[in-house]
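Lettering of chains follows the sequences in order, A, B, ..., and the numbering in each one begins at 1. Values below: every heavy atom of this structure, side chains too, minus hydrogens, waters and symmetry copies.
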Protein chains: 2
Amino acid sequence: MPDDDEFNLLDFLPYLLNQAAEESSTAFHKVYKDRYGMLRTEWRVLFHLGMYGDLTAKEIALRSRTHKTKISRAVAALEKRRFLTRTRDTRDKRHEILNLTAAGQSAYLDLRSVAQSYHKDLISQFSEQDAKRLRDMLRRLARTD
Amino acid sequence: MPDDDEFNLLDFLPYLLNQAAEESSTAFHKVYKDRYGMLRTEWRVLFHLGMYGDLTAKEIALRSRTHKTKISRAVAALEKRRFLTRTRDTRDKRHEILNLTAAGQSAYLDLRSVAQSYHKDLISQFSEQDAKRLRDMLRRLARTD
DNA sequence: GGTTGTTAGTTACAAAATCAACTATTACTC
DNA sequence: GAGTAATAGTTGATTTTGTAACTAACAACC
């Protein structure tokens, strides 16, 4: 937005980010929905467990900046599909440690490779340097550093 | 994602974009919700009308890449709050031309200035050149060129 | 050791988004 | 000009999300 008076919606960063996010997510969304009947929070939980190993719901909520009720429902759905199991922590019975089952692990690996190929497709339109710049700027905006 | 085997969720572009979008939208969301009781699609409709003048619902749906039912409900809500009026096109009675009322115009101007200031805050953490690069890359990803 | 506070997670109810079917109007085609 | 297709927009049923209140377990304090 170079000029004060000339506001352009298409330059407004939150709008632009939302449009880009939506556009870039659609294709992947279709895959995990069609292939595994998953919702957005469900694949996120799956990926967090697949990437970082066994975690509690709380830890996933923190890492993904997602509200605990969303996580709670996603965990219930994944459990129902036998993609994960819960184990109560004997030391502190409030905590449930979540583990991917073999089926969950295999869904994760499958979707991870899909994600990787979508990512490559998206990023290939930029130079390596620009891709790095983009990633760094988005991380700052997402405050996930 | 430099290495094939080392997938990192925090580098996955659609995820990163979603996180950045959510993070950067929260504060503005609160403003239009608290001040005018608007939803996301409602401010988008308001902004499209404010920026581009009188449009039909269809045109807004196209420009904002939003489903027509969402637009339909947003228009109904804005009409109820007397932020816009509809005029049936006499040439083609299927079209309704939407116009902001004075109240709608004033809400638009108010929110626009809020948006501008949020935008400036967000963008100020980057150099002018990086900001331009970011905008251009996001536009390409959003395919809004 | 009982009261108070905090934390992990769930549930219930209301609000919102999605999807498909619908009406009304115009365009196309024979 | 009758029949079919296409377009603008709405509505209703279902799913998903958001908000707040809830249970259960633990911690801290006196």
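Atom CZ in B/Arg63 sits roughly 17 Å away from atom C1' in D/dA8 (whole-Å rounding). Going from atom CG of A/Leu62 over to atom P of C/dA8 covers 8 Å, rounded to whole Å. Remark: P of C/dA8 and CG of A/Leu98 are 13 Å apart, rounded to the nearest angstrom. Remark: P of C/dT10 and CG of A/Leu78 are 12 Å apart, rounded to the nearest angstrom. Computed from coordinates, the B/Ile97 CD1 to D/dG9 C1' distance equals 14 Å when rounded to whole Å. Regarding B/Asp89, its CG atom lies at a distance of 11 Å from the P atom of C/dA27, rounded to whole Å. The nearest whole Å value for the distance from the CZ atom in A/Arg91 to the P atom in C/dA8 is 16 Å. Whole-Å rounding puts the A/Lys58 NZ to D/dA25 P distance at 19 Å.
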For nucleotides 15-19 of chain C, list the nitrogen or oxygen atoms of the protein found under 3.5 Å from its nitrogen or oxygen atoms, one pair per line.
unit_1, atom_1, unit_2, atom_2, d
C/dT18, OP2, B/Lys70, NZ, 3.3
C/dT18, O4, B/Arg73, NH1, 2.9
C/dC19, OP1, A/Lys33, NZ, 3.4

Table of protein N/O atoms under 3.5 Å from nucleotides 27-29 of chain D N/O atoms:
none

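The number of heavy-atom neighbours closer than 6.0 Å to CZ of A/Arg40, taken from other residues, nucleotides and ligands shown, is 12 or below. For CZ of B/Arg82, the number of neighbouring non-hydrogen atoms (other residues, nucleotides, ligands) closer than 6.0 Å is 12 at most.
Centroid-to-centroid, the aromatic rings of B/Phe47 and A/Phe7 come within less than 6.0 Å. Between A/Phe28 and B/Phe12, a ring centre-to-centre spacing shorter than 6.0 Å is recorded.
Inspection of the A/Asn99 and A/Arg86 side chains reveals no N or O donor paired with an N or O acceptor under 3.5 Å.
Nearer the 5' end of DNA chain C, as judged by each residue's closest nucleotide, is the contact made by A/Ile71, out of A/Ile71 and B/Lys68.
Residue A/Arg88 is classed as having no contact, given no heavy-atom separation below 4.0 Å to the nucleic acid. In this structure, B/Lys93 reaches the sugar-phosphate backbone alone: every heavy-atom distance under 4.0 Å involves primed, P, OP1 or OP2 atoms, never a base.
The structure places CG of A/Leu10 at 9.0 Å from CZ of B/Arg63, a figure rounded to the nearest 0.5 Å. A/Met38 contributes atom CE, which lies 5.5 Å from atom CG of A/Leu111 (distance to the nearest 0.5 angstrom). Considering OG1 of A/Thr90 and NE2 of A/His95, their distance stands at 12.0 Å, rounded to 0.5 Å.
Looking at A/Asp110 and A/Tyr36, their side chains come closer than 4.5 Å, going by heavy atoms from C-beta outward.
Phosphate proximity of D/dT10 to B/Arg86: present, with a side-chain N or O under 4.0 Å from OP1 or OP2.
In this structure, of C/dG9, D/dT11, C/dT25, it is D/dT11 that holds the atom nearest to the side chain of B/Ser72.
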